[in-house]
Engineer: 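Before I ask anything, let me first share the structure, which is written out below as structure tokens.
This structure is a prediction, so every number in the text was calculated from the model and none was measured.
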Amino acid sequence: MAQIKPSLAKGTRDFSPLEMEKRNYIFDTIKTVFKKYGYQEIQTPSFENLQTLTGKYGDEGDKLIFKILNSGDFIAKISPEKYTTLNANSLTPLIAEKALRYDLTVPFARYVVMHQNDITLPFKRFQIQPVWRADRPQKGRYREFYQCDVDVVGSESLLNEAEFILIYKEALTNLGLRDFTIKLNNRKLLAGIADIIGKPDLLIDMTVAIDKLDKIGLDGVKKELISKGFDDADLAKLDPIISLSGSNSDKLATLKQVLKDSEVGQKGLEEVDMVLTYVSKLEAPALDNVEVDITLARGLNYYTGSIFEVKTNEVAMGSIGGGGRYDDLTGMFGLKGLTGVGISFGADRIYDVLSELNLFPESTTKGTQVLLTNFDQSAEDFALQLLHSFRRKGIASEFYPTTAKLKKQLSYADQKKIPYVVMLGTEEVSSGVLTLKNMTTGEQQKMSKEELLNIF
RNA sequence: GUGGUUUUAGCUCAGUUGGUUAGAGCGCCUGAUUGUGGUUCAGGAGGUCGUGGGUUCGAGCCCCAUAUUCCACCCCA
């Protein structure tokens, strides 16, 4: 076989031991909080039937789904006449029946429907697994990345939303982040705004444009709105909304005025207010991190109520988390009337943020504690017994697998940061006096096997 | 999908208007030290300059294509 140059697929990464330690620290921290709030873990397969995924993320999303080519001679199953009528879009379902999961929410919805007889509502689950997107990589954006999702299905209570805010606050704080904003919006507020302008069909265009305020400024937003079909009278009505500012209660007060003639808008206001009220009852200080932001446009294709997005203010990075409520989460799989709400942490972006801020703890796990040297074949039996004794005591230990120069073995211990080395050769075996070297101080101590084992 | 950018030793990077044998630091190996790491000193190995074409007497450097990195847009964690 021809030798090929080793390389990674675009947008993917290897994780070395040191990186895995840090990644696991993030997963463990988040997982601990999830459990504390009563969520149970599930996993679903890396790939789903393509049908399960398509049509759930909008046209843009569908393009970013990684499809898996069918096995076998799939081309033979398409008649030549039919083939000529196909384009890239219509050909795909004929040659790819499976696809890598794009997020964890849709597979979860499928899971709920398939296991509806086994689960009790409300069902609170968390899930930490990789997802794949055929996007072009850039800062904080990978083609394979981990999401940490918590969702609850079958509960309309806004208490869930409030608890998600607390979960964000607690997990991110535990990870060492200090300055982050949990943005809160509600689809019904946006619908209300589109309502009073009288252009409910343009809801998404309107929100997407307003969402760009930070990037393109007020004039840019107005320009985009006009290009989407809004007129000057609409802009006049939108103006107080786009430039909404002040505290959360200020914003809600202004919105109350603006939306007084919209039923759905009023409902949205009530919901936002209720979420904030619950947070204040559970843990009022968390409100400091919450910002009502009606420009938040995330996931408009599917969210129906609350919308969340989390950003760190300490480094420039896209959102490190997001989520929201779907009134009919499982409807697309035939189970009607089941509401779901959930949030997600972007573990890979959080990793990048913690790296940049130097927030990883010194060392999060303990490696090998003792290395038994190997420079003498005749000492092997003795060494293996000792190794076994260490391991029986639960001490992470290694026997250097081949006879080699002591220099090399000590370098190995040094590099792996193994704190203790036991010198073992013919001399030690015959005398029964072992030498323990402390790699930090360089000190050596002579002792019997029993004494040695008692130290650990 | 659109635009820009990057690629030279294991790693991080120099490399002049196109001109002899492509360099440095770190790492690695050997020795000083036949059973003592991390420090020090001496020496050594390691490169089809991302890949494929082209221009030229001559290409790491110029041109074309392609892959890849990073960045912005779209969108998103």
Engineer: On RNA chain B, check which nucleotide each of A:Leu8 and A:Ile320 is closest to and give me the residue with the more 5' one.
Structural biologist: A:Leu8
Engineer: Base, sugar-phosphate or nothing for A:Gln138? Non-hydrogen atoms, less than 4.0 Å.
Structural biologist: base
Engineer: Measure from the side chain of A:Glu427, starting at C-beta and using heavy atoms only, and say which of B:C28, B:U36, B:G35 lies closest.
Structural biologist: B:G35
Engineer: Using atom C1' in both nucleotides, what's the gap between B:C61 and B:G19 to the nearest angstrom?
Structural biologist: 12 Å
Engineer: Is the side chain of A:Asp205 donor-acceptor paired with the backbone N or O of A:Lys228 at a distance under 3.5 Å, no angle test?
Structural biologist: no
Engineer: Just to be sure I understand the rule, does A:Gly140 reach a base, reach only the sugar-phosphate, or reach nothing, if contact means heavy atoms closer than 4.0 Å?
Structural biologist: base
Engineer: Mind calculating the distance between CZ (A:Arg133) and P (B:C75) to the nearest angstrom?
Structural biologist: 14 Å
Engineer: When the distance from OH of A:Tyr303 to C1' of B:C75 is rounded to whole Å, what number comes out?
Structural biologist: 14 Å
Engineer: Can you tell me the distance, in whole Å, between the CG atom of A:Leu424 and the P atom of B:G35?
Structural biologist: 15 Å
Engineer: What integer number of Å spans the P atoms of B:G37 and B:G23?
Structural biologist: 33 Å
Engineer: Do A:Arg141 and A:Arg136 have side chains that approach each other closer than 4.5 Å (heavy atoms only, starting at C-beta)?
Structural biologist: no
Engineer: Suppose you measure atom C1' in B:U7 against the same atom in B:U2; what distance do you get, rounded to whole Å?
Structural biologist: 22 Å
Engineer: For the side chain of A:Leu410, counting heavy atoms from C-beta on, which of B:G37, B:C75, B:C70 is nearest?
Structural biologist: B:G37
Engineer: Considering only atom P, compute the distance from B:U30 to B:U36 and round it to an integer number of Å.
Structural biologist: 14 Å
Engineer: Establish, from distance only, whether the side-chain atoms of A:Asp149 and A:Gln127 form a donor-acceptor pair under 3.5 Å.
Structural biologist: no
Engineer: Could you check whether A:Gly323 gets within reach of a base, just the sugar-phosphate, or nothing at all, counting any heavy atom under 4.0 Å?
Structural biologist: nothing
Engineer: Rounded to whole angstroms, how far apart are OH on A:Tyr142 and C1' on B:U69?
Structural biologist: 12 Å
Engineer: Is it the case that A:Arg133 places NZ or CZ above or below the six-membered ring of A:Tyr102, under 6.0 angstrom from the centre and within 45 degrees of the axis?
Structural biologist: yes
Engineer: For A:Ser411, report the nucleic acid contact type (base, sugar-phosphate, nothing); a contact means any heavy atom under 4.0 Å.
Structural biologist: sugar-phosphate
Engineer: Report all interatomic pairs (protein N or O, nucleotide N or O of nucleotides 29-32 of chain B) with separations under 3.5 Å.
Structural biologist:
{"residue": "B:G31", "atom": "OP1", "partner": "A:Lys405", "partner atom": "NZ", "Å": "2.7"}
{"residue": "B:G31", "atom": "OP2", "partner": "A:Lys405", "partner atom": "NZ", "Å": "3.3"}

Engineer: Rounding to an integer number of angstrom, what distance separates B:A67 and B:U6 when you compare their C1' atoms?
Structural biologist: 12 Å
Engineer: In this structure, how many angstroms lie between the C1' atom of B:A67 and the NZ atom of A:Lys10, rounded?
Structural biologist: 8 Å
Engineer: Find the distance A:Asp135:CG to B:C75:P and express it as a whole number of Å.
Structural biologist: 12 Å
Engineer: Once you apply the 3.5 Å cut-off to both distances, tell me the Watson-Crick or G-U wobble partner of B:G50, or none.
Structural biologist: B:U66
Engineer: Looking only at atom C1', what distance separates B:G3 and B:G44, rounded to whole Å?
Structural biologist: 48 Å
Engineer: Within the pair A:Lys139 and B:U5, is there a side-chain N or O less than 4.0 Å away from OP1 or OP2?
Structural biologist: no
Engineer: Which part of the nucleic acid, if any, lies within reach of A:Gly321 when heavy atoms closer than 4.0 Å are counted: base, sugar-phosphate only, or nothing?
Structural biologist: sugar-phosphate
Engineer: For B:U36, does the base pair up with any side-chain atom of A:Gln444 as donor and acceptor (N or O, under 3.5 Å, distance only)?
Structural biologist: yes
Engineer: Applying a 3.5 Å limit to both distances, which nucleotide forms a Watson-Crick or G-U wobble pair with B:G43?
Structural biologist: B:C29
Engineer: Want to settle it: does A:Thr12 or A:Tyr102 sit nearer the 5' end of RNA chain B, counting the closest nucleotide to each?
Structural biologist: A:Thr12
Engineer: Can A:Lys416 and A:Glu398 be counted as an ion pair, charged N to O under 4.0 angstrom?
Structural biologist: yes
Engineer: Atom CD1 of A:Ile216 to atom C1' of B:C75: distance rounded to whole Å?
Structural biologist: 14 Å
Engineer: Check this for me: does the side-chain of A:Asp414 come within 3.5 Å of the base of B:G38 through a donor and an acceptor?
Structural biologist: no
Engineer: Show your working on salt bridge (Lys or Arg N to Asp or Glu O under 4.0 Å) between A:Glu41 and A:Lys31 and close with a plain yes or no.
Structural biologist: CA-CA 9 Å; A:Glu41 181 163 20; A:Lys31 197 185 273 195; 3.6 Å; yes
Engineer: Looking for any heavy atom pair under 4.0 Å, which part of the strands does A:Glu309 touch: base, sugar-phosphate only, or nothing?
Structural biologist: nothing
Engineer: Please measure how far the C1' atom in B:C74 lies from the corresponding atom in B:G4, and state the result in whole Å.
Structural biologist: 16 Å
Engineer: Could you work out the separation of B:A9 and B:A72 based on their P atoms and round it to a whole Å?
Structural biologist: 27 Å
Engineer: Can you spot which of A:Leu172, A:Thr312, A:Leu359, A:Asp348 makes a side-chain contact (heavy atoms from CB on, under 4.5 Å) with A:Val353?
Structural biologist: A:Thr312
Engineer: Just call it for A:Thr105: base, sugar-phosphate, or nothing, with non-hydrogen atoms closer than 4.0 Å on any strand.
Structural biologist: nothing
Engineer: Which part of the nucleic acid, if any, lies within contact of A:Gly442, taking any heavy atom under 4.0 Å across all strands shown: a base, the sugar-phosphate backbone alone, or nothing?
Structural biologist: base
Engineer: Can you say whether a donor on the side chain of A:Glu428 sits under 3.5 Å from an acceptor on the base of B:G35, or the other way round?
Structural biologist: yes
Engineer: Quiz question: going by heavy-atom distance under 3.5 Å, is there a donor-acceptor pair between the base of B:C75 and the side chain of A:Arg136?
Structural biologist: no
Engineer: I would like to know whether A:Arg325 and A:Glu161 meet salt bridge (Lys or Arg N to Asp or Glu O under 4.0 Å); could you show each step before the answer?
Structural biologist: CA-CA 9 Å; A:Arg325 182 176 285 272; A:Glu161 269 92 334; 2.8 Å; yes
Engineer: Between A:Glu224 (CD) and B:C74 (C1'), how many Å, whole number?
Structural biologist: 11 Å
Engineer: Of all the nucleotides listed (B:G35, B:G38, B:C76), which has the minimum atom distance to the side chain of A:Arg141?
Structural biologist: B:C76
Engineer: Quick one: does NZ or CZ of A:Arg23 land under 6.0 Å from the six-membered ring centre of A:Phe15, within 45 degrees of the ring axis?
Structural biologist: yes
Engineer: Identify whether NZ of Lys or CZ of Arg in A:Lys222 sits under 6.0 Å from the centre of the six-membered ring of A:Phe230 and within 45° of that ring's axis.
Structural biologist: no
Engineer: Using only side-chain N and O atoms of A:Lys212, determine if any of them is under 4.0 Å from OP1 or OP2 of B:C74.
Structural biologist: yes
